[in-house]
Amino acid sequence: MQEQSLQTVFALLTEWYHVYKRDLPWRRTKDPYAIWVSEIMLQQTRVEAVKPYYARFLEELPTIRHLAEADEEQILKLWEGLGYYSRVRNMQAAAKQVMAEYDGKMPADHKALLRLKGIGPYTAGAVASIAFSLPFAAVDGNVLRVMSRVFADERDIMLQQTKKAWEEEINDALTGEIAGDVNQALMELGATVCVPNGEPKCENCPLRTLCLAYQKGNPMQYPVKSEKKPRTKEYLSVCFMTDGKRIALRKRDSKGLLANLWELPHVPKEYALPMAFADWGIQQAEIKNMRGQKHIFTHIEWHMDAYFINVKAMADTPFQWVTIEEAKEKYALPSAFKKIWAEGLDMLEDMEYEQIHL
DNA sequence: AACTCGGGGGC
DNA sequence: GCCCCAGAGTT
């Protein structure tokens, strides 16, 4: 791409952006911390999903110091349901870094930002350009899609060399003051006009006249992406286990999927339930069937059988027995278990009702 | 370079 | 179903 045409793209884009940009919460602040929080939340996550989390998070942890000093249980609870939980654990690690190395203030320095946990090329560019008006690219999926279409570029955007090439290209063309708006304009266009699924709205696009994919009449052919591998299936027997008042939760391992979150006890489906009970110290229990559930992760599918377990007698168990109120306040439960959780609460309520009217 | 790591909305 | 989303860390 010639330098010249990229400058033209930026000019058309920022002009359009000033008129059509959405009023988003994180566009109302200049606080680098708030902008940082928004960028972490927005990684691989849609704007509408982020909004309620963003407001609640900043309300409870309004400064970098609050984040650095918070309990991990609290930050995971604030992230509950948003996914990619290592984002918030890395952000807290970075907040501690900022407290120790930068006196609690986000460094206005691209290289320093890149050294913080959880801040990669995209987020470093976004914070540097939006919060500090520094001339750095912020290349995300939107930018890659827009660029691929405008220049009818056939390179596979799944390859990191393609992303890196665009970063360098855009970096070279950016100047200080406008970088934040250019980056946001590229993303805004990608999110609202040059959309990822379905027909792009080329009739509303400020780049229509110079877009090569539009000229060729095949914008949907871009960007070129290599295929991803299929998901593996896992089959589980999940237990909503109660003693009548409290419910058994189990803390997940500190590494891997859903690290450090809480879960309903479960075993692989081929593992017999009485065997699991023996392992767990459950000596006497009443078992009712619940609805099975399926949950899809990026690379795994969980096919879950579910059981309501009314425990009558038990020894020591490896579980945390919590009340419903405690669970709601303090324990981050992944979305994978939410339907079984809700049905379990209903059955628990019915059970209490029957006891009273016996 | 390939894998891992969530969840949900749109079609 | 399948797409992919304001990506980063690990191997």
Side-chain angles (χ1 to χ4, degrees), chain A residues 17 21-22 24-27 35-54 76 79-91 93-94 113-131 137-146 156-164 167 180-192 194-200 220 223 225-232 252-261 263 294-302 332-339:
Chain A
Y17 179 67
K21 67 177 176 186
R22 290 169 292 177
L24 302 175
W26 41 92
R27 289 185 177 154
I35 292 169
W36 175 31
V37 170
S38 76
E39 292 300 343
I40 300 296
M41 287 187 170
L42 286 162
Q43 289 171 5
Q44 296 293 286
T45 309
R46 295 171 191 280
V47 164
E48 290 310 315
V50 166
K51 282 179 179 174
Y53 287 88
Y54 175 78
L76 287 175
W79 216 264
E80 180 184 47
L82 197 55
Y84 285 155
Y85 299 92
S86 64
R87 288 184 291 179
V88 73
R89 293 189 299 135
N90 287 338
M91 189 165 57
L113 289 168
L114 266 177
R115 274 185 240 114
L116 297 175
K117 256 291 206 307
I119 296 190
Y122 164 77
T123 307
V127 173
S129 65
I130 298 170
V139 175
D140 72 336
N142 289 309
V143 176
L144 289 171
R145 183 173 58 259
V146 170
D156 181 355
I157 64 164
M158 297 298 279
L159 300 178
Q160 60 185 39
Q161 52 175 342
T162 305
K163 185 182 168 192
K164 192 170 182 185
E167 280 166 356
D181 278 356
V182 169
N183 286 333
Q184 293 190 80
L186 279 165
M187 293 188 276
E188 188 77 353
L189 190 79
T192 62
C194 198
V195 291
N197 35 16
E199 296 278 343
M220 296 277 277
K225 297 186 77 165
S226 51
E227 58 187 275
K228 48 198 168 187
K229 72 171 201 178
R231 286 187 292 264
T232 58
R252 290 180 61 84
D253 193 80
S254 62
K255 284 185 288 193
L257 186 68
L258 304 170
N260 281 357
L261 274 75
E263 66 181 0
K294 182 170 73 169
H295 187 82
I296 312 247
F297 300 99
T298 305
H299 53 300
I300 303 171
E301 282 182 29
W302 277 0
L333 190 72
S335 296
F337 299 102
K338 288 292 186 184
K339 288 178 182 167

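In the text below, chain A, chain B and the rest are named by the order of the sequence lines, each starting its count at 1. What's counted below: heavy atoms across the whole structure, side chains too, no hydrogens, waters or symmetry copies. If you're wondering where the values come from, they're calculated on a predicted model, not measured in any experiment.
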**OP:** Check whether any side-chain N or O of A:Q43 sits under 4.0 Å from OP1 or OP2 of C:dG7, and answer yes or no.
**Re:** no
Original post:
Looking for any heavy atom pair under 4.0 Å, which part of the strands does A:R115 touch: base, sugar-phosphate only, or nothing?
Top reply: nothing
**OP:** Check whether any side-chain heavy atom of A:H299 sits under 4.5 Å from a side-chain heavy atom of A:T232, and report yes or no.
**Re:** no
**OP:** Evaluate the criterion side chain to side chain contact (heavy atoms under 4.5 Å, CB included) for residue pair A:V88 and A:L76; output intermediate values, then yes/no.
**Re:** CA-CA 7 Å; A:V88 73; A:L76 287 175; 4.0 Å; yes
Original post:
How many Å lie between CG on A:D140 and C1' on C:dC4, as a whole number?
Top reply: 12 Å
**OP:** Provide, to the nearest angstrom, the distance between the NZ atom belonging to A:K229 and the P atom belonging to C:dC4.
**Re:** 18 Å
Original post:
Touch check for A:W302, heavy atoms < 4.0 angstrom, all strands: base, sugar-phosphate only, or nothing?
Top reply: nothing
Original post:
Should A:T192 and A:R22 count as side-chain neighbours, where that means a heavy-atom distance under 4.5 Å?
Top reply: yes
Subject >> Distance in angstrom units between A:W26 CH2 and C:dA6 P, rounded >> reply: 10 Å
Original post:
Sequence neighbours excluded, which residues qualify as ring pair (Phe, Tyr, Trp, His ring centres under 6.0 Å) partners of A:F297?
Top reply: A:H295, A:W302
Original post:
Counting any heavy atom closer than 4.0 Å, what does A:S86 reach on the DNA or RNA strands: base, sugar-phosphate only, or nothing?
Top reply: nothing
Subject >> Nearest-angstrom distance, P atom, B:dC11 to C:dA6 >> reply: 14 Å
Original post:
Want to know the stems of DNA chain B: at least 3 consecutive Watson-Crick or G-U pairs with distances under 3.5 Å, which are they?
Top reply: B:1-5 with C:7-11, B:7-11 with C:1-5
Original post:
Just checking A:K338: base, sugar-phosphate only, or nothing, at a heavy-atom cut-off of under 4.0 Å?
Top reply: nothing
Original post:
Looking for any heavy atom pair under 4.0 Å, which part of the strands does A:G81 touch: base, sugar-phosphate only, or nothing?
Top reply: sugar-phosphate
Original post:
Atom CD of A:E188 and atom P of C:dA6: how far apart are they, to the nearest Å?
Top reply: 10 Å
**OP:** Remember a base hit wins even if backbone is also touched, and classify A:F297 as base, sugar-phosphate or nothing at under 4.0 Å, heavy atoms.
**Re:** sugar-phosphate
**OP:** With DNA chain B as reference, determine whether A:Q160 or A:R87 sits nearer its 5' end, using the nearest nucleotide of each.
**Re:** A:Q160
Subject >> 5'-most by nearest nucleotide on DNA chain C - A:R231 or A:R27 >> reply: A:R231
Subject >> Contacts of type side-chain contact (heavy atoms from CB on, under 4.5 Å), residue A:K163, not counting sequence neighbours >> reply: A:V139, A:L144, A:E167
Original post:
Can you tell me how far P in B:dG6 sits from the matching atom in C:dT10, rounded to whole Å?
Top reply: 14 Å
Filtered N/O pairs between nucleotides 9-11 of chain C and protein, under 3.5 Å:
residue	atom	partner	partner atom	Å
C:dG9	OP1	A:G118	N	2.4

Original post:
Does a side-chain heavy-atom distance below 4.5 Å link A:L186 with A:N142?
Top reply: no
Original post:
Taking everything shown except A:K338 itself, do over 12 heavy atoms lie less than 6.0 Å from its NZ?
Top reply: yes
**OP:** Sequence neighbours left out, what passes side-chain contact (heavy atoms from CB on, under 4.5 Å) with A:T298? Give chain and number order.
**Re:** A:Y84
Original post:
Got A:R87 and A:Q44 here, is their nearest side-chain heavy-atom distance under 4.5 Å?
Top reply: no
**OP:** In whole angstrom, give the distance that lies between atom CG of A:D156 and atom P of C:dC4.
**Re:** 11 Å
Original post:
OP1 or OP2 of C:dC4 sitting under 4.0 Å from any side-chain N/O of A:N197?
Top reply: no
Original post:
Taking atom C1' in both C:dC4 and B:dC5, what distance in whole Å separates the two?
Top reply: 15 Å
Subject >> Nearest-angstrom distance from the residue atom OH of A:Y122 to C1' of C:dG7 >> reply: 9 Å
Original post:
So, do A:R89 and A:W79 sit near enough that their side-chain heavy atoms are less than 4.5 Å apart?
Top reply: no
Original post:
Which pairs count as salt bridge (charged side-chain N to carboxylate O under 4.0 Å, His left out) when at least one residue sits in residues 39-50 of chain A, sequence neighbours excluded?
Top reply: A:E48-A:K51
**OP:** Rounded off to whole Å, could you give me the CD1-to-P distance for the A:I40 and C:dC5 pair?
**Re:** 17 Å
Original post:
What does A:G198 touch in the nucleic acid at a heavy-atom separation under 4.0 angstrom: a base, only the sugar-phosphate, or nothing?
Top reply: nothing
Original post:
Where is the tightest heavy-atom contact between A:G81 and A:S335, given as atom of each residue plus distance?
Top reply: CA-OG, 3.7 Å
Original post:
Rounding to a whole Å, what distance do you find between A:E39:CD and C:dG7:C1'?
Top reply: 11 Å
**OP:** Please find the earliest and latest nucleotides of DNA chain B, in the 5' to 3' direction, that have an atom within less than 4.0 Å of any heavy atom of chain A.
**Re:** B:dA1 to B:dG9
**OP:** With heavy atoms under 4.0 Å as the rule, sort A:L24 into base, sugar-phosphate or nothing.
**Re:** base
**OP:** Sequence neighbours left out, what passes side-chain contact (heavy atoms from CB on, under 4.5 Å) with A:A124? Give chain and number order.
**Re:** A:H110, A:L113, A:L114, A:I119
**OP:** Go through the structure and list residues passing side-chain hydrogen bond (donor to acceptor under 3.5 Å, both in side chains) with A:K117, not counting sequence neighbours.
**Re:** none
**OP:** For A:K225, check salt bridge (charged side-chain N to carboxylate O under 4.0 Å, His left out) against everything at least two apart and list the hits.
**Re:** none
Subject >> Partners meeting side-chain contact (heavy atoms from CB on, under 4.5 Å) with A:K294 (sequence neighbours left out) >> reply: A:I296, A:E301, A:H303
**OP:** Identify, residue by residue, the members of residues 46-54 of chain A with a heavy atom below 4.0 Å from DNA chain C, and return them in order of residue number, or none.
**Re:** A:R46
Original post:
What nucleic acid atoms does A:S38 come within less than 4.0 Å of, heavy atoms only: base, sugar-phosphate, or nothing?
Top reply: nothing
